[in-house]
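Note that ligands are numbered from 1 as they come in the structure, with each ligand's atoms numbered from 1 the same way.
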Amino acid sequence: LTTVKSIYRNTAAYANKEVTLGGWIRTMRVSKNFGFIELNDGSFFKNIQIVFEAEKLANYEEISKQNVGAALIIKGLLVETPEAKQPFEVKATQIDVEGTSTPDYPLQKKRHSVEFLREIAYLRPRTNLFSATFRVRSLIAMAIHEFFQGKGFVYAHTPIITGSDCEGAGEMFRVTTLDLENLPRTADGKVDYSKDFFGKETNLTVSGQLSAETFAMAFRNIYTFGPTFRAENSNTTRHAAEFWMIEPEMAFADLNDNMEIAEEMLKYIIQYVLDNAPEEMEFFNSFVDKGLLDRLHNILDNEFGRVTYTEAVELLKKSGHTFEYPVEWGIDLQTEHERYLTEQIYKKPVFVTDYPVEIKAFYMRLNDDKKTVAAMDLLVPGVGEIIGGSQREERLDVLENRMNELGLKKEDYWWYLDLRKYGGTRHAGFGLGFERAVMYLTGVGNIRDVLPYPRTVNNAEF
Ligand code: 4AD
Ligand code: MG
């Protein structure tokens, strides 16, 4: 089969030649003697127009009766049509029906709301919006691999089922084979997980970081790219229970190196998508988020902002803006604060660093002031936090102190602590929320619309 993408990219090579296409009817208009089909062949965001005539097709009747959504194989002549909206069309010489559709096909030629399309998530990749979104999602994944592989980072696959809680937030999905109706219990009445499949309590990973650190201590520069799971009971446009994360981890690196690589990575992805999906990006710019392309170009041309948490709190207080949640040193920045910082004050992506130790995870490196840690969050306009990372605590005694303060059991992390004993070096890393990156690059405002099959509270359909 010829792909529509190659016809668009190299029309001259196909002009006045026979092509064979396989695709689905997006729209169809028929009259007594001829008809038009807008066909999408899946290879490209754009459709191709097929013209068919009663005189040339023995099965003209059959084709005229096809419904939107039907799958066809079409042979025909590619002719250039310079005056028309589409610069070429196919004059069919043969059309075979591979799969019929029905009149109640849910995707008719009209604009459907994203809410409606979520209810038919198994069909929505056939719409322009989702065709563009999932194609760009795929390209961003490619860009990320290219970026890190190009720098010699090793791709590490960290486990999905784990026995630890990396973020210490307790927002984990339990993994168990125990009979819930009849749980085995220890003498003191607690659930006896030694009887469970793994002989201990396990859960779906919230982050691959701890295992990533072990690989960084062997390969120096590594990255993970995999699914992560959080049982956060927050029904927002930016949280999903199952999402993908990219977590680079670098030995002999500090917080500055971390920010540099994060900025370079994001710019690389943006450039890659602009280069490889110009039609899709035009579409987002016209129909989803006017100003998207200007914004992305602007990001490529400017350095990201950098501000410490302490300075950021001062800036927010001085702004005179009334926040729903009042700003005080020590609070965890809320979405409204993050967005105000990046959208109103900086008007570009900004790294916020050195957060209070109390509001960050146990593994972050304690600063000399003993009040803050070497953390960094990257905030971007339109989305808010897209990256969270830090320099890690490599000093065994300081790390153990912190774990004691938080009541973390050393037995659960013995191997992680050992890393600090056996050639533990300065190291740093971060996690990029993949869906948030897709939202940022497309302007799509809801995480449910950048995930093929979103898992959120009360939703695991499909
Ligand atoms: O800030 P987070 O929690 O950081 C970590 O998990 C670190 N262990 C990463 C590291 O240093 N290796 O999560 C990282 C990013 C967030 O900035 C956000 O973009 C995304 O993951 N994220 C979510 N995305 C969608 N739905 C959720 N529920 C998310 N929770 C975090
Ligand atoms: Mg975070």
Side-chain angles (χ1 to χ4, degrees), residues 137 140 144 148 153 156 158 162 164-173 204-216 221-250 253 255 257-259 261-262 265-266 269 309 332-335 337-338 342 349-353 355 359-365 373-380 382-393 416 427-441 444 446-451 454-457 459:
R137 185 180 164 108
I140 297 175
I144 287 165
F148 285 114
F153 282 54
T158 53
T162 72
S164 53
D165 177 8
C166 173
E167 292 307 300
E171 293 166 332
M172 299 173 301
F173 288 100
L204 295 178
T205 186
V206 296
S207 157
Q209 181 195 323
L210 303 187
S211 324
E213 284 185 54
T214 69
F215 266 57
N221 292 333
I222 67 105
Y223 69 106
T224 73
F225 190 162
T228 43
F229 307 86
R230 294 194 190 179
E232 281 162 307
N233 200 357
S234 45
N235 195 3
T236 79
T237 54
R238 308 176 318 136
H239 290 87
E242 178 178 310
F243 62 100
W244 287 60
M245 209 177 353
I246 295 91
E247 298 186 90
E249 191 71 33
M250 297 159 288
L255 196 65
D257 301 316
N258 216 15
M259 286 190 276
I261 218 76
M265 174 195 71
L266 214 56
I269 301 172
Y309 169 91
D332 207 351
L333 296 181
Q334 306 294 308
T335 304
H337 308 131
E338 296 180 338
T342 181
V350 57
F351 288 108
V352 181
T353 63
Y355 284 75
I359 59 172
K360 286 292 184 186
F362 75 97
Y363 50 74
M364 296 193 181
R365 193 177 194 281
V373 286
M376 60 162 219
D377 275 6
L378 180 65
L379 314 179
V380 297
V383 179
E385 180 191 334
I386 189 170
I387 284 176
S390 70
Q391 186 171 338
R392 319 304 189 191
E393 185 56 78
Y416 186 71
H427 64 294
F430 63 83
L432 166 70
F434 185 53
E435 284 70 25
R436 297 209 184 156
V438 180
M439 291 168 74
Y440 182 50
L441 267 91
V444 171
N446 196 317
I447 198 163
R448 291 164 182 78
D449 300 326
V450 301
L451 277 155
R455 268 79 183 96
T456 51
V457 179
N459 181 26

Give the residue, atom name and distance (to 0.1 Å) of the protein heavy atom nearest [atom].
atom	value
atom 20 (C) of ligand 1	G433 CA, 3.6 Å
atom 19 (O) of ligand 1	I386 O, 2.8 Å
atom 26 (N) of ligand 1	A240 N, 3.0 Å
atom 9 (C) of ligand 1	E247 OE1, 3.3 Å
atom 15 (C) of ligand 1	G431 O, 3.6 Å

Problem - ligand 1 contacted by G389 (non-hydrogen, < 4.0 Å) - result: yes
Problem - Within-shell test, T228 vs ligand 1, heavy atom, strictly < 4.0 Å - result: no
Problem - Which segment of F243 sits under 4.0 Å of ligand 1 when only heavy atoms are counted - result: side chain
Problem - Region of F434 that comes within reach of ligand 1 [heavy atoms, distance under 4.0 Å] - result: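 Within the 4.0 Å criterion, F434 makes no contact with ligand 1.
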Exercise for the section: Could you check whether the rings of F225 and F434 sit parallel, tilted or perpendicular, using 30° and 60° as the cut-offs? Expected result: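 Because their plane-to-plane angle is over 60°, the rings of F225 and F434 count as perpendicular.
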Exercise for the section: Determine the interplanar angle of the F153 and F148 rings, folded into 0 to 90°, and report it as parallel if under 30°, tilted if 30 to 60°, perpendicular if over 60°. Expected result: tilted
Nearest heavy atom to [atom]: which of [options] does it belong to?
atom	options	result
atom 28 (N) of ligand 1	R230, E232, E213, E167	E232
atom 17 (O) of ligand 1	E385, M364, E435, Q391	E385
atom 18 (C) of ligand 1	R436, R392, E249	R436

Problem - Donor-acceptor contact present, side-chain H337 to main-chain Q334, <3.5 Å - result: yes
Practice task
Say whether, by atom type as modelled, one donor and one acceptor occur between the side chain of S390 and the main chain of M364 under 3.5 angstrom.
Solution key: no
Considering only heavy atoms of [X], which atoms of ligand 1 have at least one such atom less than 4.0 Å away?
X	answer
S207	6 (O), 8 (N)
Y363	7 (C), 8 (N)
G388	1 (O), 9 (C), 10 (C), 11 (O), 17 (O)
I387	17 (O)
I447	25 (C)
R238	25 (C), 26 (N)

Practice task
Answer yes or no: is there an ion pair linking E249 with R392, defined by an N-O contact shorter than 4.0 Å?
Solution key: yes
Practice task
Decide whether S207 and R230 meet the rule of one side-chain donor and one side-chain acceptor closer than 3.5 Å.
Solution key: no
Handout entry: Aromatic ring proximity, centroids under 6.0 angstrom, Y309 and Y355
Key = yes
Exercise for the section: Verify the distance test for E385 against the Mg ion (ligand 2): any N/O/S atom under 2.8 Å, yes or no. Expected result: yes
Handout entry: Atom pair CG (N446) and CE (M439), whose distance is rounded to the nearest 0.5 Å
Key =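 One gets 6.5 Å once the value is rounded to the nearest 0.5 Å.
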Practice task
Calculate, to the nearest 0.5 Å, the distance between atoms CH2 and CZ belonging to W244 and R137 respectively.
Solution key: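 Interatomic distance, W244 CH2 to R137 CZ, rounded to 0.5 Å: 7.5 Å.
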Practice task
Please report the closest heavy-atom contact between T205 and P227, naming both atoms and the distance.
Solution key: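 Taking T205 first and P227 second, the nearest heavy atoms are CG2-O, 3.9 Å.
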Exercise for the section: List the atom of P349, the atom of Y440, and the distance in Å for their closest heavy-atom pair. Expected result: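 Closest approach of P349 to Y440: CG-OH, 3.5 Å.
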Exercise for the section: Before signing off on this row, confirm whether Q209 and ligand 1 have an N or O atom pair separated by under 3.5 Å. Expected result: yes
Practice task
Start with the C-alpha distance between H427 and Q391, add both sets of side-chain angles, then the distance that settles side chain to side chain donor-acceptor pair (under 3.5 Å), and finish with yes or no.
Solution key: CA-CA 6 Å; H427 64 294; Q391 186 171 338; over 6 Å; no
